[in-house]
Amino acid sequence: MLKIEGKSLSQGAVIGKVRFYRETQYDIDEGDYEDSDAEIEKFERAMEAVKEHKWALANAAEVNSDIEGSLVFASHVALLEDKGLIHRVEEYIRAMKKSAEFCVKIGFDEVADDIRSLPDPYIMRRSDDILELEKEVLEELMGTSSTISFGKEPYILAAYDLTASEVARLDRRYVLAIMLKEGNLNTHASILAKGLGIPCVIRAETLSAACDGQEAIVDGTNGLVFIKPDDETVNEYDKIMKENKKFTDSLMRLKGKMTVTKDGREVRLYADIANPYDIQMVFDNDATGIGLFRSDYLFLKDRDYPSEDEQYLAYRKVVEDMSPGSVIIRTVDIGSDKSVPYLQLPNEANPALGMRAVRVSLTRRDFFKVQLRAMLRATTYGNLRILFPMITSISELKECKEILGECEEELRKEHVVIGNYLIGVMIETPASVFIADQLAAESDFLSIGTNDLTQFTLAIDRQNPNLDRFFDPHHPAIIEQIRMTIEAGHRHGSLVLICGELAEDASMTETFMRMGVDGLSVTPQAVLPLRQKIRELDLSV
Ligand code: PEP
Ligand code: MG
């Protein structure tokens with residue numbers, strides 16, 4: 001048995017078989033193939049499969065009246081039929097006697113380079129399409145796909161580290177627990193992993209790929225991993241798991257009860273979600289509503305920007321299912337540690353301070369409008385609230401509202417009915433705290449994002465594991481800013497919520513309640529324990 005000490009990311013214990021995930025690398029085997037015909041046939045089959053996939057996407061887009069999307073996919077089909085490209089790859093296979101994948105890589109790269117050197121910027125952009133298609137043809141040839149999955153048996157996922165996009169691509173139905181050699185508590189990858197509601201251990205430093213296929217125990221509560229556990233440890237954990245189950249079952253008695261202190265102060269207890277399917281966890285844990293739908297998941301899981309219809313269906317599902325409870329959907333916070341290839345964001349020395357969140361949205365209005373239109377179309381299905389992340393100035397908020405107004409006007413012209421909705425601002429930088437009065441006057445509610453507020457107040461990169469001991473969300477500067485924001489919001493009659501990791505820190509609940517916070521948004525699993533905590537508080541003493 002190997003015992004590994006790591007850090008707890010999310011609670012609970014589980015026993016299962018480990019599957020070790022490695023980032024898809026194109027470990028292209030050059031090969032040495034005399035039989036070029038067989039390689040050419042393989043290449044043609046892969047091209048055909050990708051083409052079929054693209055046709056299906058083009059048709060689906062057309063059915064959904066997404067003319068632009070349909071044209072993009074149709075243009076991909078045309079590229080895959082390009083004789084020059086096909087002949088080039090086939091020539092290489094014949095002349096070099098190398099594998100189909102090796103020649104696809106060379107052929108597609110060359111065509112992309114040729115296109116990039118053309119003077120027309122529109123045509124130049126086609127080189128990205130070629131590279132995207134190259135990736136898909138390679139995946140087809142090499143049997144990798146964009147969903148991370150190890151078949152249909154439940155397993156414990158082990159990895160050196162995971163990016164936010166990799167967590168978004170997990171086939172969550174089969175993942176029992178996650179253990180990582182690296183990882184950091186406050187990254188978006190960790191936040192998404194935590195949202196899966198399964199035990200997670202990070203920084204299990206001696207974890208290695210040798211555990212693949214072995215039985216293991218992941219103890220998320222204590223940050224421990226046991227590889228090939230002995231009988232005694234298995235028996236001990238069988239008992240612990242039964243106790244855990246008893247405890248979670250006992251919390252169920254709080255379902256349907258109010259989140260109210262002994263002296264009658266009620267608070268809204270919302271849940272965070274990242275994915276429309278997380279809504280079941282919100283019901284299971286009886287949250288008042290959704291306080292933070294991090295829409296980023298939709299943008300991370302696929303190779304392309306999600307279409308207006310895809311987004312609309314996701315937002316509508318959540319809003320409709322949660323109705324009459326409210327749903328706060330945050331506009332996309334992409335960039336920094338959540339990079340997506342299709343936006344081609346610049347490489348930055350300080351990405352957390354860079355092109356991310358609302359800055360991306362205001363720079364790429366075309367994408368932003370797609371998201372806002374999708375949200376507005378979902379308003380008639382329930383109680384939707386739109387939240388803008390990383391606002392640092394009034395002018396940014398005004399610009400967001402102006403674009404939202406343009407979208408409304410467009411939709412009304414298209415005879416789309418728009419329901420009522422509210423507008424909120426995330427307070428996650430000291431700048432926004434200092435102008436919280438003005439932001440509150442220009443919006444309907446404020447939501448304090450304690451993760452980024454800590455990062456930017458203490459000037460500590462939340463991604464950097466070496467700085468963990470300095471990353472202190474309890475720092476008086478953070479607590480004071482929370483108080484200032486609540487007071488500013490209340491001066492303007494706005495509701496003020498707290499989200500981010502600190503919101504579920506039970507040692508802070510009483511302080512936040514005494515400050516007068518109107519709501520907390522936490523991971524679904526934290527809702528009932530916090531309800532229990534709040535029901536035990538008496539603020540009159
Ligand atoms: C926060 O910063 O506290 C927050 C809720 O947003 P995120 O963690 O997604 O950056
Ligand atoms: Mg944030």
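Quick note: residue numbers are just sequence positions, from 1. Remember, it's 1-based here, ligands and their atoms both numbered in the order they're listed.
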Check your understanding: For residues Tyr312 and Tyr381, is any side-chain donor paired with an opposing acceptor at under 3.5 Å?
Key -> yes
| With a 3.5 Å cut-off and no angle check, do the side chains of Thr392 and Glu396 form a donor-acceptor pair? | yes
Here the Mg ion (ligand 2) sees protein N, O or S atoms within less than 2.8 Å, and their number is 2
- Between Gln525 and Ser10: side-chain donor-acceptor atoms closer than 3.5 Å: no
Atom pairs and distances, ligand 1 N/O vs protein N/O under 3.5 Å:
| residue | atom | partner | partner atom | Å |
| --- | --- | --- | --- | --- |
| ligand 1 | 2 (O) | Glu428 | OE1 | 3.0 |
| ligand 1 | 2 (O) | Asp452 | N | 2.9 |
| ligand 1 | 2 (O) | Asp452 | OD2 | 3.1 |
| ligand 1 | 3 (O) | Gly449 | O | 3.4 |
| ligand 1 | 3 (O) | Thr450 | N | 3.0 |
| ligand 1 | 3 (O) | Asn451 | N | 2.7 |
| ligand 1 | 3 (O) | Asn451 | ND2 | 3.4 |
| ligand 1 | 6 (O) | Arg330 | NH1 | 2.9 |
| ligand 1 | 8 (O) | Arg294 | NH2 | 3.0 |
| ligand 1 | 8 (O) | Asn451 | ND2 | 2.9 |
| ligand 1 | 8 (O) | Arg462 | NH2 | 2.9 |
| ligand 1 | 9 (O) | His188 | NE2 | 3.2 |
| ligand 1 | 9 (O) | Arg294 | NE | 2.7 |
| ligand 1 | 9 (O) | Arg294 | NH2 | 3.4 |
| ligand 1 | 9 (O) | Arg330 | NH1 | 3.0 |
| ligand 1 | 9 (O) | Arg330 | NH2 | 3.0 |
| ligand 1 | 10 (O) | His188 | NE2 | 2.7 |
| ligand 1 | 10 (O) | Asp452 | OD2 | 3.0 |
| ligand 1 | 10 (O) | Arg462 | NH1 | 3.0 |

Heavy-atom count around Asp366 CG within 6.0 Å, excluding the residue itself: above 12?
yes
d(Tyr421 OH, Met375 CE) to nearest 0.5 Å is 11.0 Å
**Study point:** Donor + acceptor pair across side chains of His188, Asn451 (<3.5 Å)
**Key:** no
Residues passing the side-chain hydrogen bond (donor to acceptor under 3.5 Å, both in side chains) test with Ser393, sequence neighbours excluded, are Ser395
Which of Thr450, Thr509, Thr523 passes side chain to side chain donor-acceptor pair (under 3.5 Å) with Glu504? It is Thr523
The complete set of side-chain hydrogen bond (donor to acceptor under 3.5 Å, both in side chains) pairs with one or both residues in residues 369-379, sequence neighbours excluded, reads Ser295-Gln371, Glu308-Arg373, Glu308-Arg377, Asp309-Arg377, Tyr315-Gln371, Lys369-Glu406, Lys369-Glu410, Arg373-Glu410, Arg373-Glu414
